[in-house]
Each structure stands twice: as C-alpha cells, then as structure tokens.
Amino acid sequence: MKLNKKIRVGIIGATGMVGQRFVTLLSDHPWFEITALAASKRSSGKTYKEAVSGRWKMDVEIPTNVADLRVMDINDVDNVSSLVDMVFSAVDMPKDEIKEIEDTYAKTETPVVSNNSAHRWTEDVPMLIPEINDDHCEVIESQKKRLGTSRGFVAVKPNCSIQAYVPLLAAWKEYEPQELAISTYQAISGAGKTFKEWPEMIENIIPYIGGEEEKSEKEPLKVLGEVNNGKIVNKEGLSITCQCLRVPVLNGHTASVFIKFKNHPCKDELIEKLIKFKGFPQRENLPSAPKQFIHYMREDDRPQVKLDVDCENGMAISVGRLREDSVYDFKFIGLAHNTLRGAAGGAVLCAETLVAKGYITNKDR
C-alpha cells in the first residue's frame, strides 16, 4: 500500500518515555509525519529539545526534524487538532482525565490511537494486537455513533506484558486454551524509568506492580473476544492467573507460562502453529510489521533479553523452552519488547492497520 500523501500526526504526552519513543519511531516513517507535539503547561511554548532537556531517555539523538518544533498545551485541543489528521496518546494523567481528553480529541474528528489503559474496557473501543483481532475495528462505527462523529474515534493497544503470551493463544486457538498460570518479569522502562533514575532497582526484584496483575489476567479476554452488536464481548472458557515482578532489566518483559488445553496437541504441532502464524500486518506488509511475528527458539537458554529483545526491530515475539509439564499440559517462556511491541511500536502498528482499513485518512485541508 502506498499513500498519496502522508498522514499528519500529533503526539499528546510527547515528553514522557513513551512519547519520546513515538517521536523516534515516527520521525522518519513512510506513512506518517509529525506536525504537532503536545504536553503539559510546563512544557508548552518550548522547543521539543528544550522540553526534554536533561530527561531524554532514548538511546538515539533527538530527531532533527522535530527538535525545534514548539510544544503545544495538551488542553489546546482545537489548535492541536487543526494541525493533524490523527493523534497518538501517551499522556500521564488520572484515568478519568485521560478518557475525557481522548474523547475530546476524537470529537474534533481526530482519530486517537492510545497507549493508555483508560479506554481499554470501553465496550466500543477496540483494544488491538493487529495480528490477532483486526476484526475488532468493526466496533469503531458504533463508537462514532456514540460520540457523534464521522471520522473521530479512539482505539487502544493492550498492556505491554501480555504481548509475550497472548499471541500464542491466538496461534493455538484450535486447541482451545483453557487455563494459564503466568509469572511476568518486567523491565523498568515499563515504569518510565532508567537505572540512573531508579538506582534502587539495581540487583533488586520488586514482587509488585500496581494494577498489573489485573490487566494481565483480564485484558487477554477482550483481545481474544468477539464483536457482537457493536461491542466487544470477552472470550469465555479461559482462566488466567498471574503474578507480576519488576526486575533489573531496562527493556523487555519476559513471561513464564503454564498452559492447559481442551484439545491436547503435541509439541511439534504447537511449534508449527507458531512458525506459520501471521495476521493482517504480515499479509498487508505494513511498515512496522515483523516479517515473522512469532520466533520459536530451540536452544535451551533462549529467549534471552540481551540477545532477543530487539528481534525484528523489537516488534517480534520470541518464544522458547516449550515442553510438557507434570501438572499442566505444557509450559514455555515468552519475551516481548515492552516499549516497542508493547507500547509505542504496537500503537504505530495499530495506526498502520487503521490506515490500511480506511479508518484513518487525511482530513480535508
């Protein structure tokens, strides 16, 4: 797919870690061009390089094509919306305020693709892993009726930690996964931190991440659910229990998973399904899509964060150690890059999917 002209995008919450990641991913994107950056009042009026001075967290330089762009006030919705065809949301606010501001942008006929959790349980807001549930985009038409818009809507991506195991459940759908017991080992960038900012995490593990276990247990049910009468109905017959730990890793969420099936497969069948699994982004060759979505690794000591977190530009899932279990049917290890596949990169792929399906277009200029 080739666009006649690029989609103009804004980033609201542009100065935080996820906002910075959006900037790096979009600064040279073949479909999108950054035309507006917005943040809190303390940053508005400054150039972007001034606004992030001393707190730039990426391992690349600030892109030159946005360094001198003036940051706008996130609440100046009409002016931001006038400069863009859509916005990416990475705002750091209370959930009720996030819902309100995302809906406000949508009501200016500006589609919103959000990294935030505030709208994940709104029944007519699709929560997308595009390889798995691109059909959930159908509920956007119901949402637009509720909002009173013709092209404005909100779409979200799910929690970063579930990316390491939910794709496998989709690949193994025919075997009907029924029960999972999971532990996730989550990187500090998931909290928007670096080791310089959070030295207490060096050589440390914290066995608690607020709200994370609930998200990990419930969000997969919506992702794997079905569209019914203009809303998404959660998948039934699947039980998930999860513990989430913060570990001294910068990027990369690892999941240790035990799984039971209704229909009992063999190991070779499961591996074959992973290798062959692909979705809408692969079929349409979207710019951010990994060529091979799920990489199965046969070495006993893989996947490893240092070796595998950046697989296919951080957009692929790495899986290994699949083996039979004495209590459950099988167990395995999954790994996903939390700020790429799990956050900004996943949101960009969602936006590419929405462009390819015709939900995001250029506004009349």
Side-chain angles (χ1 to χ4, degrees), residues 18 21-22 24-26 28-31 58-60 113 115 127-134 157-173 177 182 184-187 189-190 216 219-220 223-224 249-257 259 270-322 330 332-353 356:
V18 175
R21 182 68 81 179
F22 274 126
T24 62
L25 292 174
L26 296 167
D28 191 31
H29 193 282
W31 289 9
M58 300 296 102
D59 55 5
V60 296
V113 176
N115 182 70
M127 182 163 63
L128 299 173
I129 298 178
E131 286 89 350
I132 297 174
N133 63 345
D134 63 286
K157 51 148 290 297
N159 191 44
C160 51
S161 67
I162 77 170
Q163 314 282 337
Y165 55 91
V166 169
L168 283 75
L169 305 185
W172 296 335
K173 180 179 179 179
I182 303 167
T184 60
Y185 304 89
Q186 301 187 201
S189 58
S216 299
E219 288 186 16
V223 171
L224 298 169
V249 167
L250 180 59
N251 293 311
H253 288 354
T254 299
S256 171
V257 183
I259 184 168
L270 292 175
I271 294 173
E272 182 181 16
K273 292 294 182 183
L274 299 182
I275 294 171
K276 290 184 175 180
F277 187 75
K278 61 179 61 176
F280 182 85
Q282 286 72 39
R283 293 192 297 271
E284 296 296 317
N285 196 28
L286 299 183
S288 299
K291 301 299 181 186
Q292 176 71 38
F293 179 34
I294 304 173
H295 288 245
Y296 185 74
M297 321 193 85
R298 297 180 184 274
E299 300 91 336
D300 288 339
D301 60 352
R302 303 280 288 278
Q304 293 182 29
V305 170
K306 282 192 173 182
L307 297 177
D308 304 310
V309 73
D310 292 318
C311 182
E312 297 213 37
N313 298 314
M315 292 298 290
I317 309 302
S318 299
V319 180
R321 301 210 69 209
L322 178 66
F330 286 90
F332 64 89
I333 302 294
L335 170 66
H337 196 304
N338 56 295
T339 67
L340 287 169
R341 168 53 78 163
V348 171
L349 186 60
C350 289
E352 293 169 0
T353 299

Query - I182 side chain near S256 side chain, heavy-atom distance below 4.5 Å - result: no

Requested in this report: Taking the side chain as every heavy atom from C-beta outward, state whether N133 and L224 have any pair of such atoms under 4.5 Å apart.
Outcome: no

Query - Contact summary for V309 and L335, nearest pair of heavy atoms - result: N-CD2, 3.9 Å

Query - Close side-chain approach of M315 and H337, heavy atoms under 4.5 Å - result: no

Requested in this report: Apply salt bridge (Lys or Arg N to Asp or Glu O under 4.0 Å) to the pair R341 and E131, showing each step before the final yes or no.
Outcome: CA-CA 12 Å; R341 168 53 78 163; E131 286 89 350; 2.9 Å; yes

Report task. Starting from the C-alpha separation in whole Å, work towards a yes-or-no answer on side chain to side chain contact (heavy atoms under 4.5 Å, CB included) for Q282 and F293. Result -> CA-CA 8 Å; Q282 286 72 39; F293 179 34; 3.9 Å; yes

Requested in this report: Would you check if Q186 and N338 make a side-chain contact, meaning some heavy-atom pair closer than 4.5 Å?
Outcome: no

Query - K291 to N285 - nearest heavy-atom pair and separation - result: NZ-OD1, 2.6 Å

Requested in this report: Measure across Y165 and S216 and return the closest heavy-atom pair with its distance rounded to 0.1 Å.
Outcome: OH-O, 3.0 Å

Query raised in the report: Quick one: which of V348, N115, V223, L349 gives a side chain to side chain contact (heavy atoms under 4.5 Å, CB included) with K157?
Result: N115

Requested in this report: Quick one: closest heavy-atom pair of Q163 and G342, and the distance?
Outcome: CG-CA, 3.8 Å

Query raised in the report: So, H29 and E352: side-chain donor and acceptor under 3.5 Å apart, yes or no?
Result: yes

Report task. Determine whether I275 and I294 make a side-chain contact, defined as any pair of heavy atoms from C-beta on separated by less than 4.5 Å. Result -> no

Query raised in the report: Step by step, would you call L322 with L270 a side chain to side chain contact (heavy atoms under 4.5 Å, CB included)?
Result: CA-CA 9 Å; L322 178 66; L270 292 175; 3.8 Å; yes

Query - Any P290 side-chain heavy atom under 4.5 Å of N313 side chain - result: no

Query - Interatomic spacing from CD in Q292 to NZ in K276 - rounded to 0.5 Å - result: 11.5 Å

Report task. Could you go through the ring pair (Phe, Tyr, Trp, His ring centres under 6.0 Å) check for W172 and F332 one step at a time? Result -> CA-CA 13 Å; W172 296 335; F332 64 89; 5.6 Å; yes

Query raised in the report: Any chance the side chains of S161 and T184 put a donor and an acceptor closer than 3.5 Å?
Result: no

Requested in this report: Would you mind reporting whether L286 and F280 have side-chain heavy atoms less than 4.5 Å apart?
Outcome: yes

Query raised in the report: When you measure from the side chain of H295 to the backbone N and O of C311, does any donor-acceptor pair fall under 3.5 Å?
Result: no

Query raised in the report: Are D300 and R321 close enough for a salt bridge, meaning some N to O gap below 4.0 Å?
Result: no

Requested in this report: Would you check if V319 and I317 make a side-chain contact, meaning some heavy-atom pair closer than 4.5 Å?
Outcome: yes

Requested in this report: Answer with yes or no whether the side chains of T353 and D134 bring together a donor and an acceptor at under 3.5 Å.
Outcome: no

Report summary line: Between P158 and I129 the two heavy atoms that sit nearest each other are CG-CG1, 3.6 Å

